[in-house]
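Structure first, commentary second.
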Amino acid sequence: MRTVLLTGFEPFDQDPINPSWEAVKALDQTLIKEDVRIVSRQLPCVFSQAPTRLLELLVSFQPELVIAVGLGPGRTDISIERVAINLNDARIPDNLGEQPIDTAVVVDGPAAYFTTLPIKAMVKAVREAGIAASVSQTAGTFVCNQVFYLLQHALAGLGVRSGFIHVPFLPEQVVDSQRPSMALDTMVAGLQAAVLTAWQTPVDAKEE
Ligand code: PCA
């Protein structure tokens, strides 16, 4: 059996729930082909713990494709990230109260890594499923970007494709506010279309 690893994050910033984990959890053990299985695992929203956990997952599952997913507060759609930068600059403390300001994710690492996912083809597939999606040019400077950068750093040159997707809040998280949200079923269907397309598309499409 071949493996696609999906990760989601534990809740953070006083939210009781993190849609990224709810959505990837719903896809755990899904077969996207007869011999290709999704494995979903949770990462801590902690700068000092997420890297070790991520590397453990890569070693234990030996995935052929890895997509990390996180909540992007305020995002309006399935946002497929293009670039991870070598910078931690936390606007809020993480779940252990750490708040790194202007530190490197990997000391002496390259300034940035591009995703190795076919992001334009993925956006197209998600939209064709009737779900809002776009390419995002920044994954921020909090734990999501840190995990995305480490993922690209760890897998660079190994032929295992990887990247990051931000998802919006769930509707129940934005009651009484004007903030955008997306229903869990929609998010799950969007991620599934994105994962399948990533698996099936070795070379990205040229799309606007
Ligand atoms: N979103 C945060 C970290 C965890 C999560 O789900 C981020 O965008 O960095």
Side-chain angles (χ1 to χ4, degrees), residues 1-9 20-21 23-25 27-43 50-51 53-70 72 77-86 105-106 109-129 131 133-140 143-167 187-207:
M1 191 59 75
R2 305 168 77 185
T3 301
V4 174
L5 174 66
L6 298 186
T7 64
F9 278 98
S20 68
W21 173 239
V24 303
K25 187 173 63 179
L27 290 169
D28 188 29
Q29 303 304 318
T30 302
L31 290 178
I32 58 166
K33 300 271 172 199
E34 220 170 74
D35 61 340
V36 184
R37 183 189 52 169
I38 292 177
V39 170
S40 303
R41 290 293 182 271
Q42 194 184 70
L43 295 178
R53 180 78 185 119
L54 178 69
L55 296 178
E56 281 168 6
L57 293 173
L58 296 180
V59 170
S60 60
F61 291 109
Q62 298 285 314
E64 290 180 49
L65 173 71
V66 186
I67 304 183
V69 183
D77 60 9
I78 303 280
S79 299
I80 305 181
E81 300 294 347
R82 191 194 292 268
V83 58
I85 61 174
N86 193 9
V105 177
V106 174
Y113 283 102
F114 284 120
T115 184
T116 44
L117 300 179
I119 54 177
K120 296 287 180 77
M122 291 163 72
V123 165
K124 185 164 181 263
V126 177
R127 287 183 181 163
E128 280 170 5
I131 297 164
S134 62
V135 169
S136 162
Q137 318 297 357
T138 174
V143 186
C144 286
N145 174 74
Q146 184 207 32
V147 160
F148 182 18
Y149 184 95
L150 280 166
L151 190 55
Q152 302 312 109
H153 188 72
L155 296 176
L158 295 183
V160 176
R161 292 181 303 153
S162 56
F164 199 96
I165 298 180
H166 268 115
V167 293
M187 220 178 262
V188 172
L191 288 178
Q192 189 159 5
V195 171
L196 184 62
T197 303
W199 182 269
Q200 287 173 335
T201 315
V203 178
D204 200 4
K206 277 254 183 282
E207 296 280 334

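Because only heavy atoms are used, hydrogens play no part in the values below, and waters and symmetry mates are left out as well, while side chains stay in.
Nearest heavy atom pair, residue Leu57 against residue Pro63, reads O-CD, 4.4 Å. When all heavy atoms of Gln152 and Gly163 are compared, the closest pair comes out as OE1-N, 3.6 Å. For the pair Trp199 and Arg161, the tightest heavy-atom approach, listed with the atom from each and the gap, is O-NH2, 3.7 Å. Annotation for Leu151 and Leu54: closest pair N-CD2, 3.9 Å, computed over non-hydrogen atoms. Here the closest heavy-atom approach between residue Ile38 and residue Ser40 is recorded as CG2-OG, 3.7 Å. Across Ala50 and Leu43, no two heavy atoms sit closer than the pair O-CD2, 4.4 Å.
A distance of 9.5 Å separates OG1 in Thr3 from CD in Gln62, rounded to the nearest 0.5 Å. The CD1 atom of Ile67 sits 9.5 Å away from atom OG1 of Thr7, with the distance rounded to the nearest 0.5 Å. For the atom pair Phe61 CZ and Glu56 CD, the distance stands at 11.0 Å (nearest 0.5 Å). To the nearest 0.5 Å, atoms CG (Asn86) and CD (Gln146) are separated by 10.5 Å. Taking CZ from Arg37 and CE from Met1, the interatomic distance works out to 6.5 Å, rounded to the nearest 0.5 Å.
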### Query
Please walk me through it: do Asp28 and Thr30 pass side-chain hydrogen bond (donor to acceptor under 3.5 Å, both in side chains)?
CA-CA 6 Å; Asp28 188 29; Thr30 302; over 6 Å; no
### Query
Could you walk me through whether Leu58 and Leu155 pass the side-chain contact (heavy atoms from CB on, under 4.5 Å) check?
CA-CA 9 Å; Leu58 296 180; Leu155 296 176; 4.2 Å; yes
### Query
What do the steps show when you test Val83 against Phe148 for side-chain contact (heavy atoms from CB on, under 4.5 Å), and what is the final call?
CA-CA 8 Å; Val83 58; Phe148 182 18; 5.6 Å; no
### Message
side-chain contact (heavy atoms from CB on, under 4.5 Å) for Phe164 and Val69? Distances and angles first, verdict last.
### Response
CA-CA 6 Å; Phe164 199 96; Val69 183; 5.8 Å; no
### Task
Tell me, with the steps shown, if Lys33 and Leu196 meet side-chain contact (heavy atoms from CB on, under 4.5 Å).
CA-CA 9 Å; Lys33 300 271 172 199; Leu196 184 62; 4.3 Å; yes
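Between Val4 and Val39 there is no side-chain heavy-atom pair separated by less than 4.5 Å. Residues Tyr149 and Pro51 fail the side-chain proximity criterion, which asks for heavy atoms closer than 4.5 Å. With a 4.5 Å cut-off on side-chain heavy atoms, Ile78 and Ile80 count as touching. Between Cys144 and His166, some side-chain heavy-atom pair lies under the 4.5 Å cut-off.
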In a table with atom names and distances, give each donor-acceptor pair under 3.5 Å that connects a side chain of residues 116-124 to protein atoms at least two apart or in another chain.
unit_1, atom_1, unit_2, atom_2, d
Thr116, OG1, Ser162, N, 2.9
Thr116, OG1, Ser162, O, 3.1
Lys120, NZ, Glu207, O, 2.9

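The environment of Gln29 atom CD is dense: over 12 non-hydrogen atoms of other residues, nucleotides or ligands sit within 6.0 angstrom.
In this structure, Arg2 contributes its side chain and Asp35 its backbone to no donor-acceptor pair below 3.5 Å.
In terms of the ring pair (Phe, Tyr, Trp, His ring centres under 6.0 Å) criterion, Phe9 has no residue partners (sequence neighbours excluded).
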